[in-house]
Amino acid sequence: MHSKLDITDEFYSKKRPYSPSSKLLVGAGPCNCSPRVMYTYSHEPVIIPGDEVYNIMEEFREMLKFALQTRNQATLAIQNSGTGGLEAALTNMVDPGEKIVVGVMGFWGQRIVEIARTRNIDVVVVSPQYGQVFTLEELEQAVIKHKPVLLFVTHGESSTGAVQPLEGLGDICHKYNCMLAVDAVITFGAIPLYVDRWGIDVLVTSTQKAARSFPGLAYLSFSPEAVERIKTRKTVPPFYFNVLELSKMWNCFDERIMYYYTYNSNLLAAAKEGIAEIIEEGLLETWQKHEKLNKRLWDGLVKLGLKIYVKNLEHRLHAVTAVELPPTVSFAAFNEYLVERYQIYISVGIGPTAVTHFRIGMMGYNARADMVDYVLDKIGEALKYCQQEKLRAIKLG
């Protein structure tokens, strides 16, 4: 019988229960959740496998198909982040050595490139000028020139706040025997998204942005043609990302298996409630609300004397906006003021907006007029404080 530990616990006597303060999450995500979603997540977990979870998954899948405007049977969630969803899409659709074209408008497009290269996929990168988007003609020329099996584009590039027009792009890809994959992590639930109408073969999105839930699930949707490609691939995808097996757990093709891996039942239920909120509000109404409130945000930022990274209004994302900081204001001081005084959390710029910009997200549960006005007021206050402190430091120096 062992009676002595080799390592003593010096932490236990010092530890305190986790007691987070209330936060206003208006960066690039995750966002605040509604009381309804929070309540759903707070219940005891459900045993898997079991009918209770399967019932959630059945209803969830149909709701997700509607919210994505698709009839794709292979529409499901995997337990992972949006990045995991991107990796699942690539590892199921493309064999090592095959060629793809990736449209890179910023940080997240480059993330797709990095994932593909770890799988020894032949990647061709095309880029517009940062802050701008591709024309369909530019993407068509890339497909004609490089003859890829897949074109992967980012619908909403949250590092810059730009949105890529997609209508007509699926038809272009299919004309040249190429499939279209889309990263819609930041756009789902915020701006119009039509998977079937736009001929999207592979759609990747996730839970924690305008989809109104917690991080932890990636949503995937594959066209029938994409499913056939997956079935005929030469290499097997990683076990965790095997869409054909996961689709059985989701009963996509009426051939359910009881277990593949353990899903977080609380997260499934909460994420379903987030989608339910969107459906109840109305898809068109949700998209219109995000457009209206983000324009309200932009007008307010301009009145504060700030410059928005994406100049063309038509190409601005109705979810996340990248904003240039004045030369007299450091992000560290600006962010500290908002966090320490008001528990307001924005995001630092990344990729092309790193160092010089901050990013603000008005989406999902936070997409409300009172929230926009409150945050604008506090941003103005923070800017004024930081500029005064800078002048004071100069005088003292």
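Side chains included, hydrogens not; waters and symmetry mates left out as well; all remaining heavy atoms used.
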Please determine, by modelled atom types, if [X] and [Y] share a side-chain donor-acceptor pair under 3.5 angstrom.
| X | Y | answer |
| --- | --- | --- |
| S223 | N72 | no |
| E273 | T40 | no |
| Y365 | E277 | no |
| Q73 | K65 | yes |

Just how far is it from atom [atom1] of [X] to atom [atom2] of [Y], taken to the nearest 0.5 Å?
| X | Y | atom1 | atom2 | value |
| --- | --- | --- | --- | --- |
| L325 | L306 | CG | CG | 7.5 Å |
| L180 | E225 | CG | CD | 12.0 Å |
| L203 | T75 | CG | OG1 | 8.5 Å |
| Y54 | D51 | OH | CG | 8.0 Å |
| R229 | L150 | CZ | CG | 7.5 Å |
| I200 | Y194 | CD1 | OH | 12.0 Å |

Can any side-chain N or O of [X] pair as donor or acceptor with the backbone N or O of [Y] at less than 3.5 Å?
| X | Y | value |
| --- | --- | --- |
| N294 | V320 | no |
| N92 | F241 | yes |
| T353 | S159 | yes |
| Q69 | F66 | yes |
| R359 | S347 | no |
| N32 | K23 | yes |
| H315 | K311 | no |
| N366 | G361 | no |
| T205 | A184 | yes |
| N335 | V348 | no |

[atom1] of [X]: more than 12 outside heavy atoms within 6.0 angstrom?
| X | atom1 | answer |
| --- | --- | --- |
| D370 | CG | yes |
| M38 | CE | no |
| E52 | CD | no |
| L304 | CG | yes |
| E255 | CD | yes |
| E280 | CD | yes |
| Y39 | OH | no |
| R368 | CZ | yes |

(Q) Could you walk me through whether H318 and W287 satisfy the side chain to side chain contact (heavy atoms under 4.5 Å, CB included) test, starting with their C-alpha distance in whole Å, then the side-chain angles of each, then the deciding distance to 0.1 Å, before giving a yes or no? (A) CA-CA 9 Å; H318 301 145; W287 297 337; over 6 Å; no
Treating Ile, Leu, Val, Met, Phe, Trp and Tyr as nodes and any side-chain heavy-atom pair under 4.5 angstrom as an edge, say whether [X] and [Y] lie in one connected cluster.
| X | Y | result |
| --- | --- | --- |
| I56 | V37 | yes |
| I47 | Y41 | no |
| M105 | V185 | no |
| Y309 | I191 | no |

Heavy-atom closest pair, residues [X] and [Y]:
| X | Y | result |
| --- | --- | --- |
| H357 | A322 | CD2-C, 4.2 Å |
| L317 | I186 | CD2-CG2, 3.7 Å |
| F134 | P128 | CZ-CD, 3.1 Å |
| L217 | Q79 | CD2-CA, 3.8 Å |
| I78 | A88 | CD1-CB, 3.8 Å |
| G189 | I278 | CA-CD1, 4.2 Å |

(Q) Under the rule for ring pair (Phe, Tyr, Trp, His ring centres under 6.0 Å), what residues qualify as partners of Y263, not counting sequence neighbours? (A) W250, Y261
Q) ring-ring contact (aromatic ring centres under 6.0 Å, His included) between H155 and W108: does it pass, once the steps are laid out? A) CA-CA 10 Å; H155 190 199; W108 295 106; over 10 Å; no
Q: Report the relative orientation of the aromatic rings in F60 and Y219; use parallel for angles under 30°, tilted for 30 to 60°, perpendicular for over 60°.
A: perpendicular
**Q.** Partner set under side-chain hydrogen bond (donor to acceptor under 3.5 Å, both in side chains) for N251, not counting sequence neighbours
**A.** E58
Q: Using the side chain to side chain contact (heavy atoms under 4.5 Å, CB included) rule, take Q141 and I144 through it: C-alpha gap first, then chi angles, then the decisive distance, then the call.
A: CA-CA 5 Å; Q141 287 305 309; I144 292 172; 3.9 Å; yes
Pairing of [X] and [Y] as salt bridge, 4.0 angstrom limit:
| X | Y | value |
| --- | --- | --- |
| K248 | E245 | yes |
| R212 | E281 | yes |
| K295 | E291 | yes |

Q: Just do the side chain to side chain contact (heavy atoms under 4.5 Å, CB included) check on V126 and V104 with the steps written out, would you?
A: CA-CA 6 Å; V126 293; V104 177; over 6 Å; no
(Q) Between V375 and Y342, is the side chain to side chain contact (heavy atoms under 4.5 Å, CB included) condition met? List the steps. (A) CA-CA 10 Å; V375 172; Y342 300 109; over 6 Å; no
(Q) Which residue in the set R233, K234, R119 passes salt bridge (charged side-chain N to carboxylate O under 4.0 Å, His left out) when paired with D95? (A) R233
(Q) Which residue is it: K378, E381, K384? I am looking for the one with a side chain to side chain donor-acceptor pair (under 3.5 Å) to Y337. (A) E381
